[in-house]
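All remarks here apply to the structure that follows.
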Amino acid sequence: MAYETLISETTDSVLTLTLNRPDVLNAVTDTMLHELQDALKIAERDTAVRCLVLTGAGRGFCAGQDLNAGLAAVDGKRPSIGDHLRHGYSPVIRRLRAIEKPVIAAVNGIAAGAGANIALACDIRMASENAALAELFVKIGLVPDCGGTLFLPLLVGYGKAAELAFTGDRIGAAEAHRLGLFNHVVPADTLMERTHELAARLAAMPTKAIGLTKRAFNRAVMPDLDAVLDYEANLQEIASRTADYAEGTAAFREKRTPQFVGK
Ligand code: T3D
């Protein structure tokens with residue numbers, strides 16, 4: 001399938017999806033969200049696909065929402081971040097969790113904002129030594145979304161999750177590995193080879209058993225994912241109406257330090 005912002009390649013039962021806007025660290029647009037939804041829907045049904053790999057082109061994995069792309073109006077109404085999350089991002093996160101096949105994120109560079117949480121929604125994270133992760137929503141006055149309020153404390157515990165989300169600090173690959181956010185960190189030039197070794201191994205395993213195990217993990221540790229995604233969308237809508245959000249996004253576009261007022 002030919003996409004505009006996504007490269008989709010299947011080799012030996014492994015589907016590799018590469019986010020492909022390298023000039024902006026694969027920042028997410030509506031087109032990318034629709035293409036991801038489509039590719040994951042096809043992969044779910046395609047019995048020839050037995051493992052998925054998600055990675056980024058160029059030096060970044062994904063820098064989250066494209067802050068220069070305006071939001072498309074929904075049903076002719078004012079663009080709403082809550083609706084944008086519900087219709088754009090949440091279906092991608094749900095599909096990553098619901099697909100009964102292993103999904104590996106090959107984190108080749110910075111994974112930030114929604115990009116970080118898309119990586120955390122995958123089952124396993126292989127990372128390059130150049131990779132980094134940042135829950136930097138707060139730096140533009142937003143709250144973590146894409147399931148981050150669930151995945152992050154689940155993986156690192158509440159105290160560290162609070163620190164990462166409240167500061168928005170970027171952590172390097174070694175620290176992310178130490179915290180359990182990355183399963184393995186490997187030299188940059190071996191990332192795709194090492195990821196595909198693991199993917200090939202998983203693709204040759206009993207896919208149904210892996211899928212049922214994933215279903216059981218979902219039920220055991222994230223049974224309320226739908227409610228979490230919906231609640232995050234509500235909260236993001238509130239956050240997006242603050243002066244600090246307006247200032248944070250303006251400062252990013254103007255390449256300056258934001259001056260937050262706390263409301
Ligand atoms: O709408 C909704 O539904 C709400 C959903 C929100 C979900 C979110 O993801 S909110 C978070 C959005 N993302 C960000 O705030 C990240 C913004 N980017 C950065 O802070 C930095 O770029 C990074 C820390 C990710 C990487 O820094 P660095 O120094 O390695 O790279 P850079 O030079 O800043 O970026 C390289 C280019 O990519 C640069 O373009 P230029 O100057 O070369 O023309 C930069 O502007 C562009 N870029 C990076 N991130 C984004 C982006 N362009 C648009 N949107 C981005 N998110």
Side-chain angles (χ1 to χ4, degrees), residues 5 19-34 36-37 56-74 77-94 107-121 128-152 164-173 175-176 188 228-242 244-258 260:
T5 63
L19 307 175
N20 192 27
R21 302 186 70 227
D23 292 350
V24 287
L25 308 176
N26 306 310
V28 179
T29 57
D30 285 355
T31 302
M32 187 184 280
L33 289 170
H34 292 139
L36 269 172
Q37 289 177 20
R59 74 174 175 90
F61 174 76
C62 175
Q65 172 65 27
D66 187 321
L67 298 177
N68 294 318
L71 297 189
V74 178
K77 283 187 256 159
R78 171 192 171 275
S80 140
I81 282 197
D83 285 342
H84 193 237
L85 285 167
R86 281 186 203 95
H87 298 293
Y89 285 95
S90 299
V92 171
I93 301 300
R94 267 195 222 102
V107 187
N108 52 304
I110 181 74
N117 293 334
I118 287 171
L120 298 190
S128 142
E129 61 200 349
N130 298 333
L133 189 136
E135 293 282 340
L136 46 56
F137 301 85
V138 71
K139 295 195 168 179
I140 54 166
L142 290 182
V143 300
D145 55 29
C146 292
T149 60
L150 190 166
F151 304 136
L152 192 62
L164 293 174
F166 295 174
T167 62
D169 282 350
R170 167 183 180 141
I171 53 169
E175 176 68 354
V228 167
L229 291 171
D230 205 45
Y231 196 55
E232 288 176 348
N234 292 343
L235 298 180
Q236 204 68 295
E237 183 60 36
I238 297 170
S240 74
R241 292 167 190 251
T242 63
D244 283 340
Y245 171 68
E247 167 63 4
T249 47
F252 174 79
R253 289 188 201 105
E254 293 159 18
K255 297 187 188 290
R256 61 172 172 82
T257 305
F260 293 124

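Every value quoted in this text rests on a predicted model; they were computed, and no experiment measured them. Just follow the structure's listing: the first ligand is 1, and inside any ligand the first atom is 1.
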## Note on the structure
Contact region, Arg170 to ligand 1, non-hydrogen atoms below 4.0 Å, reads side chain

### Query
Under a heavy-atom criterion of less than 4.0 Å, does Val28 contact ligand 1?
no

### Query
Using heavy atoms and a threshold below 4.0 Å, how should the contact between Lys139 and ligand 1 be classified: side chain, backbone, both, or neither?
neither

#### Entry: Distance-only N or O hit between ligand 1 and Gly115, under 3.5 Å
no

### Query
Under 4.0 Å from any heavy atom of Gly64, which atoms of ligand 1 are there?
9 (O)

### Message
With a 3.5 Å distance limit and no angle check, can you tell me whether Glu232 reaches the backbone of Thr149 through a side-chain donor-acceptor pair?
### Response
yes

### Task
Would you check the N or O atoms of Phe137, main chain and side chain alike, for any that come under 3.5 Å of an N or O of ligand 1?
no

### Query
Any ion pair linking Arg170 and Glu175 (charged N to carboxylate O, less than 4.0 Å)?
no

### Task
Could you check Asn117, Ile118, Leu85 and say which one makes a side chain to side chain contact (heavy atoms under 4.5 Å, CB included) with Ile93?
Ile118

### Query
So do the side chains of Leu142 and Gln236 get within less than 4.5 Å of each other, counting heavy atoms only?
yes

### Task
May I ask whether Lys255 has any heavy atom positioned less than 4.0 angstrom from an atom of ligand 1?
yes

### Query
Say you draw a straight line from OG1 of Thr249 to CG of Asp244; how long is it, rounded to the nearest 0.5 Å?
10.5 Å

#### Entry: Donor-acceptor contact below 3.5 Å, side chain Asn108 vs main chain Gly60
yes

### Query
With distance as the sole test, does Glu129 use its side chain to make a donor-acceptor pair with the main-chain N or O of Ala173 at under 3.5 Å?
no

### Summary
A student checking ligand 1 against Asp23 at a 4.0 Å heavy-atom cut-off should list atoms 37 (C), 38 (O)

### Message
One residue to check: Ala114. Relative to ligand 1, which of side chain, backbone, both or neither has a non-hydrogen atom less than 4.0 Å away?
### Response
both

### Query
Near Asn68, which atoms of ligand 1 are under 4.0 Å from a heavy atom of that residue?
53 (N), 54 (C)

### Query
Do any nitrogen or oxygen atoms of Tyr89 lie less than 3.5 angstrom from nitrogen or oxygen atoms of ligand 1?
no

#### Entry: Test item: side-chain donor near acceptor, Asn26 and Arg59, under 3.5 Å
no

### Task
Enumerate the atoms of ligand 1 whose separation from the nearest heavy atom of Asp145 is less than 4.0 angstrom.
5 (C), 6 (C), 7 (C)

